[in-house]
Amino acid sequence: MHIEIRKTLFNPWTELDRYQSNENHRIGACASFVGSMRDFNEGSKVNAMTLDYYPGMTEKQLEQIIQAQSSANDLDDALIIHRVGEIQPGETIVLVAAWSAHRKQAFDACRSIMENLKHSAPFWKKEVTDLGERWVEKNTAG
Amino acid sequence: MHIEIRKTLFNPWTELDRYQSNENHRIGACASFVGSMRDFNEGSKVNAMTLDYYPGMTEKQLEQIIQAQSSANDLDDALIIHRVGEIQPGETIVLVAAWSAHRKQAFDACRSIMENLKHSAPFWKKEVTDLGERWVEKNTAG
Amino acid sequence: MNVTVKFFASLKEQFSEPVMDVELSSDQTTVEDIWKKVSGSEQMPENVLSAINLEYAQAQQIVKAGDEVAFFPPVTGG
Amino acid sequence: MNVTVKFFASLKEQFSEPVMDVELSSDQTTVEDIWKKVSGSEQMPENVLSAINLEYAQAQQIVKAGDEVAFFPPVTGG
């Protein structure tokens with residue numbers, strides 16, 4: 001299990017490749033999700049974004065989210081990497097991956113981790129649009 | 001959209017990295033699934049596996065599976081790579097990825113593509129165990 | 001008035017040849033009729049699937065000259 | 001008898017300092033009491049979330065000396 005808050009750009013596929021080969025988790029099923037910054041939201045073009053977080057609490061909440069899925073879905077392993085700081089359109093914001101013996105568990109866990117992250121991990125997005133900066137007030141439904 | 005039947009070992013993360021950067025599909029959500037060969041099944045150790053398929057029909061069925069999800073879930077893009085021939089434990093059998101503007105569609109599409117592939121794409125597994133060879137008679141539930 | 005018949009997976013091993021040319025005896029020949037012919041008149045088992053021209057077919061579907069007909073067990077990919 | 005109070009995101013911009021030391025007036029002080037104190041006695045809005053020692057807290061939860069109390073808007077990560 002690995003949780004990381006990243007202040008700089010990352011390539012999700014390179015991270016998955018490195019994590020999986022290092023840890024030798026090659027058996028069974030892996031479901032993953034990559035969320036990237038879109039250049040439009042709620043009708044406005046978004047030029048950039050800043051992601052704030054709560055150091056300490058964010059990691060703790062993510063750990064609890066993974067733990068809950070580990071027991072609920074018999075996970076072999078899970079990985080979360082989440083960007084913070086300044087982000088440009090097209091850049092990866094979040095990577096979630098879940099490994100299990102069977103596809104049902106891997107899919108269920110990956111999706112639940114992602115929904116719980118959206119619902120309870122302390123991250124906050126501020127968008128830079130042509131009209132100025134604005135805090136995003138709520139997430140889109142999952 | 002890309003569908004490929006592969007006769008040799010592939011690294012799913014390298015494939016995703018190459019596909020995504022070439023096609024420049026970097027915005028929004030990507031859900032992916034990687035299935036690898038397990039070294040046990042139905043109580044026996046499995047030493048190797050051979051995957052048979054129906055050239056022509058397999059590709060056609062996979063294309064129809066993706067098309068159905070493209071309209072159902074407003075997909076921007078999808079990728080399927082499936083191994084055939086001789087496979088060793090730990091090697092990747094299948095990669096499915098689905099790109100959409102939002103996570104719900106990407107997750108739903110990726111999972112549906114995978115279930116439909118299991119249900120209707122003409123592939124057949126033959127396992128080599130210590131007791132000899134055996135055709136796998138049905139897939140595990142999804 | 002021939003069709004090409006293909007077998008896959010365990011069925012490929014059961015039949016002497018993976019691909020056969022089969023002559024249609026009438027223009028009302030069904031997939032099941034072809035199965036009976038190539039397998040020696042057995043009924044088509046429930047766990048034998050079939051396809052005509054790369055699409056799944058029903059046992060009672062009519063086959064036309066030039067069609068490619070395939071028989072195979074339940075699929076187990078992914 | 002102090003607690004550390006932190007603000008995040010839009011609340012960090014609304015308050016003069018992102019981190020404050022706040023004295024507890026009694027051993028029955030709640031999260032909401034602290035909010036009222038730092039914000040000038042307003043009621044705690046529904047869309048202000050709070051945490052005590054890195055775990056989500058309810059407005060009526062009692063705060064102890066040495067605790068870290070945080071206020072922030074609904075989360076929008078992922």
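Throughout, protein chains are lettered first and strands after them, A, B, ... in sequence-line order, and every chain is numbered starting at 1. In what follows, every heavy atom counts, from backbone to side chain, and hydrogens, waters and symmetry copies are set aside.
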Discussion item. If you compare all heavy atoms of B:Trp13 against all heavy atoms of A:Asp17, which two are closest, and at what distance to 0.1 Å?
Written reply: CD1-CA, 3.4 Å
Discussion item. For the CD atom on B:Glu137, are there more than 12 heavy atoms of other groups (residues, nucleotides or ligands in this structure) within a distance under 6.0 Å?
Written reply: no
Fill in: Heavy-atom pairs under 4.5 Å with chain A, option from B:Pro12, B:Gly35, B:Cys30, B:Ala31 with the top count
B:Cys30
Response to the item:
Checked A:Arg103, A:Lys118, A:His102 vs chain B; the most non-hydrogen pairs under 4.5 Å come from A:Arg103
Discussion item. Does B:Glu86 have more than 12 heavy atoms from other residues, nucleotides or ligands lying within 6.0 Å of its CD?
Written reply: no
Worksheet item: Mind checking which of residues 108-117 of chain A sit less than 4.5 Å from chain B, heavy atom to heavy atom?
Response: A:Asp108, A:Cys110, A:Arg111, A:Met114, A:Glu115
Practice prompt. For atom CD of A:Gln64, decide whether the heavy atoms of other residues, nucleotides or ligands shown that lie under 6.0 angstrom number more than 12.
Written response: yes
Worksheet item: Stepwise, does the side chain to side chain contact (heavy atoms under 4.5 Å, CB included) test hold for B:Trp99 with A:Ser36?
Response: CA-CA 11 Å; B:Trp99 287 264; A:Ser36 305; over 6 Å; no
Discussion item. According to side-chain contact (heavy atoms from CB on, under 4.5 Å), who are the partners of A:Glu15, at least two apart in sequence or on a separate chain?
Written reply: A:Arg6, A:Phe10, A:Arg18, A:Ile81, A:Leu95
Worksheet entry | Selection from A:Ala97, A:Ala106, A:Ser32 maximising heavy-atom pairs under 4.5 Å formed with chain B | A:Ser32
Discussion item. Heavy-atom count check: over 12 atoms from other residues, nucleotides or ligands less than 6.0 Å from A:Lys45 NZ?
Written reply: yes
